[in-house]
Number of protein chains: 2
Amino acid sequence: MSPRRVPVSRRDRPAKALLSREGLVATALRIMHDEGLERVTMRRLASELDTGPASLYVYVRNTAELHGALLDELLLGLELPAEAVAAGRPKGSVERWREGLVELLCGYTALLLGHPSLARSVLTLRPSGPNYLRLIEALLGLLRAGGVPERQAAWGVDLLLQHATATAAEQGTRDESVDADGEIHTQAMAIREATGDEYPNIGLVRDELFSGTGEQRLRWMFAALIEGVATTATPA
Amino acid sequence: MSPRRVPVSRRDRPAKALLSREGLVATALRIMHDEGLERVTMRRLASELDTGPASLYVYVRNTAELHGALLDELLLGLELPAEAVAAGRPKGSVERWREGLVELLCGYTALLLGHPSLARSVLTLRPSGPNYLRLIEALLGLLRAGGVPERQAAWGVDLLLQHATATAAEQGTRDESVDADGEIHTQAMAIREATGDEYPNIGLVRDELFSGTGEQRLRWMFAALIEGVATTATPA
DNA sequence: ACCTGAACACCGTTCAAGT
DNA sequence: ACCTGAACACCGTTCAAGT
């Protein structure tokens with residue numbers, strides 16, 4: 001029907017920015033910041049880049065890989081504490097490494113808390129980007145600075161990162177998605193209604209189950225994790 | 001066109017089992033066991049129950065709530081260790097409570113490892129079913145039996161359950177979904193290729209990052225968690 | 001080679017309308 | 001009241017075909 005020869009796009013669009021992995025990730029990052037990760041779909045991304053969804057599969061294997069790239073981009077903004085840079089060589093006040101660890105882990109958690117659905121994705125991702133490796137490197141450095149044995153340090157990094165990611169993923173749904181916020185109330189109510197008859201221990205510590213701020217609990221959890229990692233011997 | 005008066009269904013179908021929340025959950029449970037949670041969709045459930053998807057919303061608020069019900073049904077099959085039942089009163093050999101905790105947590109993890117995508121869902125769920133409360137009750141009982149202070153015990157339950165759930169969720173994708181198994185290899189390769197130049201600490205403990213069996217690492221992680229919870233003081 | 005239109009095979013949730 | 005057909009507004013991924 002309508003003539004298809006008019007090359008309007010040539011003048012209308014800003015040069016159509018040739019597709020590339022970098023362009024893809026940059027656009028995805030922008031959408032994530034503006035509208036949240038759930039809006040970053042292959043179809044949305046494609047239409048944003050003036051193409052069909054199939055074209056994206058030239059640059060990323062699948063959605064999971066795209067999410068991995070987004071995480072690494074985000075990690076660029078995570079500054080490593082000074083203690084982690086001069087790794088392996090303990091200096092300054094004793095136990096400084098613990099503070100450095102908590103700081104770094106809180107930073108990583110805060111980063112993910114800004115994008116909780118990314119955290120959910122990362123939890124099943126085994127990230128492999130250079131900036132994630134830097135993070136592992138820094139955590140290992142701090143643990144070694146604290147004199148934590150090699151195997152405990154190696155396994156500990158897993159434990160610490162998993163906890164940070166899971167915490168962000170868990171908090172996630174609460175403020176972002178519409179539906180899930182009913183569930184906290186439902187659980188809180190269930191716990192408050194749990195009779196000391198059927199659930200004596202819940203009855204005894206009921207208030208403590210809800211005590212503390214998120215920040216307090218998070219810092220305590222990291223401290224407990226670090227303590228456990230530092231003092232629990234691995235098998236064999 | 002075709003006459004709609006023939007009540008064939010009356011003879012063909014097994015009485016069409018009136019809709020109910022229990023029936024819904026039972027059907028969902030069956031599909032989950034046979035084909036995995038990703039097949040348990042509202043539409044699939046509806047067609048299985050000979051109705052439209054809209055009808056299900058009379059019995060569950062949304063998918064998240066349905067998943068919560070599935071978890072609680074699953075937890076029916078989790079047996080609590082004897083130590084947890086006679087809670088609060090330490091008896092038998094000292095430190096028996098630690099074994100009980102590890103056992104219970106491993107049991108819970110194993111349960112979820114059988115349905116990793118349910119674990120992913122549970123992580124953002126704050127479950128509130130009676131059987132989940134029983135689990136909280138048992139964990140609290142064991143921690144109290146170990147003389148762990150109230151606040152540490154309360155906050156610790158959160159930490160322990162989150163770790164168990166996150167572990168199952170993480171393992172999850174690996175064997176279940178098709179795509180994600182590439183990522184472990186990708187990460188492993190990235191770590192193996194990380195030069196000791198750029199990543200000295202990774203270079204030093206490289207082998208330990210991959211050492212141990214899943215079972216060994218899980219038990220060590222729970223032991224470390226428990227140790228940290230038991231010995232780390234909460235603020236204020 | 002690099003790219004993509006069109007299709008395949010699905011989703012959760014809502015709401016006006018029926019019984 | 002209780003229930004539901006039909007629609008709304010989407011998904012990820014593949015593959016044959018084009019340039």
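Side chains are part of it too, since the values below use all heavy atoms of this structure and drop only hydrogens, waters and symmetry mates.
Atom name C1', nucleotides C:dT13 and D:dC3: the rounded distance is 16 Å, in whole Å. With both ends at atom P, the span from C:dA9 to D:dC10 equals 23 Å, rounded to whole Å.
Note: OH (B:Y59) to C1' (D:dA1) measures 11 Å, nearest angstrom. The CG atom of B:L49 sits 13 Å away from the P atom of D:dC3 (whole-angstrom rounding).
At least one side-chain heavy atom of B:L70 sits less than 4.5 Å from a side-chain heavy atom of B:L37.
Between the side chain of B:E137 and the backbone N or O of A:I202, at least one donor-acceptor pair lies under 3.5 Å. Panel note: side chain A:Q216, backbone A:T213; a donor-acceptor pair is recorded below 3.5 Å.
Looking at A:T165 and A:Q162, their side chains never bring a donor and an acceptor atom within 3.5 Å of each other.
For B:A54, the listed nucleotide lying nearest its side chain is D:dT4; candidates were D:dT4, C:dA6, C:dC3.
In this structure, B:E170 does not pair ionically with B:R120, as no charged nitrogen and carboxylate oxygen lie closer than 4.0 Å. Contact check on B:E103 versus B:R219 returns a salt bridge, with a Lys/Arg side-chain nitrogen under 4.0 Å from an Asp/Glu carboxylate oxygen. Ion pair A:R21/A:E65 flagged as a salt bridge, since at least one NZ, NE, NH1 or NH2 atom sits closer than 4.0 Å to an Asp/Glu carboxylate oxygen.
Looking at residues two or more places apart in sequence or on another chain, you find no side-chain hydrogen bond (donor to acceptor under 3.5 Å, both in side chains) involving A:E198.
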Report all interatomic pairs (protein N or O, nucleotide N or O of nucleotides 10-12 of chain D) with separations under 3.5 Å.
from, atom 1, to, atom 2, distance (Å)
D:dC11, OP1, A:T41, OG1, 3.0
D:dC11, N4, A:R43, NH2, 3.3
D:dG12, OP1, A:M42, N, 3.4
D:dG12, OP2, A:M42, N, 3.2
D:dG12, N7, A:R43, NE, 3.0
D:dG12, N7, A:R43, NH2, 3.3
D:dG12, O6, A:R43, NH2, 2.1

Just to be sure I follow the notation: if a pair is Watson-Crick (purine N1 to pyrimidine N3 plus N6-O4 or O6-N4) or a G-U wobble (N1-O2 and O6-N3), each under 3.5 Å, what dot-bracket string does DNA chain D give, with | for pairs to another strand? ||.|||||...|||||.||
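Side-chain N/O atoms of A:T51 include one lying less than 4.0 angstrom from OP1 or OP2 on C:dT4.
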